[in-house]
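Remarks on the structure that follows.
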Amino acid sequence: MPNGDDTGRPILVLSNRLPFTVERRPRGLEKRHSAGGLVAALEPALCARGGTWVGWPGTELRPGEHLSSGGKPYRIAPVNLTDTDVDRYYHGFSNRTLWPLLHSFPALTRFDQRDFMSYERVNDRFAEAALAESKDTDLVWVHDYHLMLAPRLIRQGRPDVRLGFFLHVPFPPYDIFRLLPWDRQLLRGMLACDLIGFHVHGYARNFIDCVERRLGARVDQENLLVEHGDRTVQVGAYPIGIDFERFEGLASAAPARAGRRERVVLGVDRLDYTKGIPHRIRAFERLLELHPRHRENVVLLQLAVPSRAQVAEYRELKRDIDELVGRVNGRFATATWSPIRYLYRTLTPDRLTALYRDADVALITPLRDGMNLVAKEYVACQVEDPGVLVLSQLAGAAETMREAILVNPYDIDGTAEALHRALTMDEAERRSRMAALRRRERRDDVVSWTRSFLDAAASAHAALRPPSDEEFSAWLGRYLSRHRLALFLDYDGTLVPLCEHPRDAVLAEDVRETLRLVAARPDTDVAIVSGRSQADIRQMVGLPELIYAGNHGLEIVGADVPEFKHQDLVHYQGRTAELARKLRTLAADGAWVEEKGHTLTFHVRAVPEPRRRVLAEQARSMINDFGFQARDAHAAIEARPPIGWDKGRAVLHVLRERYGVSWSETVRVVYCGDDETDEDAFRLLAGLAVTFRVGSADTMSAATRRLPNVEAVHALLRWLARRPAPDL
Ligand code: ADQ
């Protein structure tokens, strides 16, 4: 049994490609098994546990055509792609947007809305296929950058399932990732998982950094945790390994090299601009310049697998390499020796492993690489006189393969010198370095990788600690250090938990006391912004020294601001009462209408589903047909007169009235709110305030940060009451 973990339940695997590619021939469909690392990694686990592999077969299947795994004990669920999907989702968004961006090549990245829309549609289809296959599965494993959105839809269909994601390519730093116009959607897609794995710690850190800065999520950088919705997501580094024994076996069995001629420096790559092939050729040229003793004694054998020839950048790269090889060969070749041997083709595993075994040096110098399996395969094949691995620092593999000679591939002279050192290294050093590399790769092979990821995905996760003073200081300390604070707080769901009936949402005495302390500071003003009527909210909070904006800011009263009532309200008084009468005709099964003077709320919290949704929909239509604005609130629909006014405008009004038109230079603003009506404020205050979205709703938010619950708001208030006085 190749995989020791044969006790587990069936798993569902999603990857862009199935473990084979299907081609249409005159005789019918023909399957070509893929020999890639992903198949080697996942097939043993699927064979041991059973389950389904969801993926694209590479050819559009016709109605009635089915695929099987060919006698293997797992199922195949093909996802059909049309020619347009292949063009936009695969060649477009996957290979021309995400591939270059994730490898930190922004200049080669194409941003096209239509490609992204196709990517969304195809991810939906993968998720649907997964859900249709998920009945007897409690573990789903999604692979790679082609499917970053799929986890979210799978989560919606199967809230209980364990969901893991593994990214095979790098995750770039924040400043690169945020160039993507759809970066937040992708992050949210991945965060539907329980476990998100990367090859190395650095990529995991980059991801968490993006999640914190782009989504405002609370994170724990040390333990690699993210708070998202009502779950905690574990992030981790799981460096992939290879099937060590298979490569070692193939290398031992391959026929011996006939006669010893020049020494061989080997490069093996898919033909891709991330692999640094032109830089490598230049480094080899530089070696011949700097150390003429290697002329006629050493060759660079460069193998390149044809790849993505539909993409223009790849065709250009091929031309560049052809030219470069020609130039260097033309410059140094003699009658009996050419410095570079360049093979543009796929090799059989036997031939490839024989070349690995016989190479004196493997020169693996990607400009950026998630891991790089070639480095590991080379090491596994060193079964005779050990060679030397020269490896780019910018490959994930460099994190663990410490006994390689590490180089910066952009440093041509440095790489040439490293190559010289490798070619002249004595046997004792070669042996000890290679032995250590082999021990590690044998131990941390692909089976151990699969097992450690699946075990982590299946096990319980830690939760983040509640927000602490250190976090508040980190978020707000510097921001508030030299300015007054204008603090705006929503009430229901922010200061008090949501209740069945609004009258039950009573402010706790200790929270009132903290609010009093915050407002008593000479450097702080506090305003409550609520959907309740002004009189109601004032009474619920009970602190006359605060500012109150009621009815979503249509009426404002309080210390140091002139009393405000929106001038257009007079036109709607009778209409509001009329709408209340109409809405009351819907108020059955526990639904009821709250009249708040200028606005109304249709509450459905006490109505059981699915009736609740029906009633809410009817209320929404009635409000809209009446010419009022209907807005979603928690288990309620708000009805407001069609006045261009909301919590955001109300906050700006208070700021202007209280601090003058140049308020943004004199006062710092913090706003906490928990629902869609607060999003108006988050949007208007973007860049001008630190805003907090409270609660575990997994919705897109314009807020700067998230707080998990009302208790976290109370903790923030306590910190605000105690914080150091600003240097005004
Ligand atoms: P790739 O970008 O495909 O993988 P890599 O890890 O180097 O890169 O794997 C290449 C594979 O192709 C190797 O298994 C190699 O044996 C094979 N190969 C290369 N040249 C060949 C030739 N001429 N003939 C036959 N086979 C050849 C992505 C990420 C990597 C990450 C892997 C696994 O880009 O960073 O290591 O996934 O997670």
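For ligands, and for the atoms within them, numbers begin at 1 and follow the listed sequence.
In this structure, Phe166 has no heavy atom closer than 4.0 Å to ligand 1. Note on ligand 1: Trp99 sits in its first shell, one or more heavy atoms being nearer than 4.0 Å.
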For Thr137 and Arg9, run side chain to side chain contact (heavy atoms under 4.5 Å, CB included): C-alpha distance rounded to whole Å, both residues' side-chain angles, the deciding distance at 0.1 Å, then the answer. CA-CA 7 Å; Thr137 303; Arg9 306 239 330 194; over 6 Å; no
Show your reasoning for whether salt bridge (charged side-chain N to carboxylate O under 4.0 Å, His left out) applies to Glu245 and Arg442. CA-CA 7 Å; Glu245 279 180 15; Arg442 188 191 295 280; 5.2 Å; no
With salt bridge (charged side-chain N to carboxylate O under 4.0 Å, His left out) as the criterion, how do Glu441 and Arg443 come out once you've worked through the C-alpha distance, each side chain's angles and the decisive distance to 0.1 Å? CA-CA 5 Å; Glu441 293 311 321; Arg443 186 191 64 210; over 6 Å; no
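The N/O atoms of Leu352, backbone and side chain alike, include none that comes under 3.5 Å of an N/O atom in ligand 1. The shortest N or O to N or O distance between Thr346 and ligand 1 is not below 3.5 Å. Inclusion of Arg270 in the set of residues having an N or O under 3.5 Å from an N or O of ligand 1 is warranted.
With a 4.0 Å cut-off on non-hydrogen atoms, Arg345 touches ligand 1 through its backbone and not its side chain.
With ligand atoms numbered from 1 in the order given, ligand 1 contributes 7 (O), 15 (C) to contacts under 4.0 Å with heavy atoms of Val374. Near Tyr356, with a cut-off below 4.0 Å to any heavy atom, the atoms of ligand 1 are 16 (O). Below 4.0 Å from some heavy atom of Leu347 lie the following atoms of ligand 1, by number and element: 22 (C), 23 (N), 24 (N), 25 (C). Near His199, with a cut-off below 4.0 Å to any heavy atom, the atoms of ligand 1 are 31 (C), 38 (O). Under a 4.0 Å criterion applied to the non-hydrogen atoms of Val268, ligand 1 contributes the atoms 19 (C), 20 (N), 21 (C). Proximity to Gly370 (heavy-atom distance under 4.0 Å) selects the following atoms of ligand 1: 35 (O). With ligand atoms numbered from 1 in the order given, ligand 1 contributes 30 (C), 31 (C), 35 (O), 36 (O) to contacts under 4.0 Å with heavy atoms of Met371.
Between the choices Lys275, His143, His168, the shortest heavy-atom distance to atom 37 (O) of ligand 1 belongs to His168. Checking Thr353, Asp243, Thr274, Asp369 against atom 34 (O) of ligand 1, the nearest heavy atom belongs to Asp369. The heavy atom nearest to atom 6 (O) of ligand 1, considering only Leu303, Leu373, Val169, is found in Leu373.
Looking only at atom types and distance, the side chain of Tyr273 has no donor-acceptor partner in the side chain of Glu313 under 3.5 Å away.
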Contacts table for residues 317-325: side-chain donor-acceptor under 3.5 angstrom, sequence neighbours left out:
| from | atom 1 | to | atom 2 | distance (Å) |
| --- | --- | --- | --- | --- |
| Lys318 | NZ | Asp322 | OD2 | 3.0 |

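For Phe332, there are no ring-ring contact (aromatic ring centres under 6.0 Å, His included) partners at least two apart in sequence or on another chain.
Here the options are Trp182, Tyr203, Phe171, the test is ring-ring contact (aromatic ring centres under 6.0 Å, His included), and the partner is Phe177; only Phe171 passes. For the pairing with Asn16, the side chain to side chain donor-acceptor pair (under 3.5 Å) check across Tyr89, Tyr145, Trp56 returns one residue only, Tyr89.
The six-membered or imidazole ring of His199 lies near that of Phe166, with a centre-to-centre distance under 6.0 Å.
Seen from the ring of Trp99, Arg308 counts as a face-on cation partner, given the 6.0 Å and 45° thresholds.
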